[in-house]
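For clarity, every value in this text was computed on a predicted model and none was experimentally measured. Throughout, a chain's letter reflects where its sequence line sits, starting with A, and its residues are numbered from 1. Values below: all heavy atoms of this structure, side chains included; hydrogens, waters and symmetry mates excluded.
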Amino acid sequence: QKEVEQDPGPLSVPEGAIVSLNCTYSNSAFQYFMWYRQYSRKGPELLMYTYSSGNKEDGRFTAQVDKSSKYISLFIRDSQPSDSATYLCAMSRKAAGNKLTFGGGTRVLVKP
Amino acid sequence: ETGVTQTPRHLVMGMTNKKSLKCEQHLGHNAMYWYKQSAKKPLELMFVYSLEERVENNSVPSRFSPECPNSSHLFLHLHTLQPEDSALYLCASSKTGGPSYGYTFGSGTRLTVV
């Protein structure tokens, strides 16, 4: 079993729709949760960062963490064609310093 | 530019060649990483350097040899690679010594081994 599971997609939505992404994980020691966005031919860039459980909102993006279910989500409201990218979740343990464990990424396509 | 610069962007090499990938950051970070990204697979951590010392080597074949001469520069030396080594090689940097705030990635080197 992989430590972090993420549906590879592709996830295709019409412009303006809500994009819903999620990851499940098996290691209950993970405390730091991140979402990265990766455009084609680019490296991943950090979108959202959360610590422990709860919600965090930044503009059109909302990240949710449910540690009891070992489940994290990213919602993108009012999606735009420019949101078309691969979204990777990542997480780490406090004791692991800066070592991140990544999901495989979900490819998202927002159609005009 | 993301703050982490990787060169070259693309590299095609034969199995008997020797080449090097270069990574440079001026973000004041003191940890640097090499990742391999293959199609439909999660990012694979290859090497970690913290304060210029290698702190992790994830069972990477010896045909990959990292070098970190200072906290701003990281190299990946390649020698007698195999076609299955073709992938996107990503460099990243971060701060150390506290909670994880995530990495800053470069744009990667797209490596093709022929």
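Hydrophobic clustering (side-chain heavy atoms under 4.5 Å, transitive across Ile, Leu, Val, Met, Phe, Trp, Tyr) keeps B/Val48 apart from B/Val60. Under the 4.5 Å side-chain contact rule for hydrophobic residues, A/Met91 and B/Leu45 do not share a cluster. Under the 4.5 Å side-chain heavy-atom criterion for Ile, Leu, Val, Met, Phe, Trp and Tyr, B/Leu43 and A/Leu47 are members of distinct hydrophobic clusters. Connection of B/Val4 to B/Met46 is not established within any shared hydrophobic cluster, with ILVMFWY side chains joined at heavy-atom distances below 4.5 Å, either directly or through further cluster members. Residues A/Met34 and A/Leu74 do not share a hydrophobic cluster, clusters being chains of Ile/Leu/Val/Met/Phe/Trp/Tyr side chains in contact below 4.5 Å.
Considering CZ of B/Phe105 and CG of A/Leu88, their distance stands at 8.0 Å, rounded to 0.5 Å.
Distance alone, capped at 3.5 Å, places no donor-acceptor pair between the A/Arg41 side chain and the B/Arg110 backbone. Formation of a donor-acceptor pair under 3.5 Å by the A/Tyr36 side chain with backbone atoms of B/Tyr103 is found in this model.
At a heavy-atom cut-off of under 4.5 Å, chain A is reached by B/Leu88, B/Leu90 from residues 83-93 of chain B, listed in order of number.
Neither the backbone nor the side chain of A/Pro8 comes within contact range of chain B; no heavy atom of the residue lies under 4.5 Å from a heavy atom of that chain. For chain A, the nearby part of B/Gln37 is the side chain; its heavy atoms alone come within less than 4.5 Å. Using a 4.5 Å cut-off between heavy atoms, A/Gln38 contacts chain B through its side chain alone, with no backbone atom that close.
More than 12 heavy-atom neighbours from other residues, nucleotides or ligands sit within 6.0 angstrom of NZ on A/Lys67.
The minimum heavy-atom distance between B/Tyr35 and A/Leu100, with the atom names listed, is OH-O, 3.6 Å.
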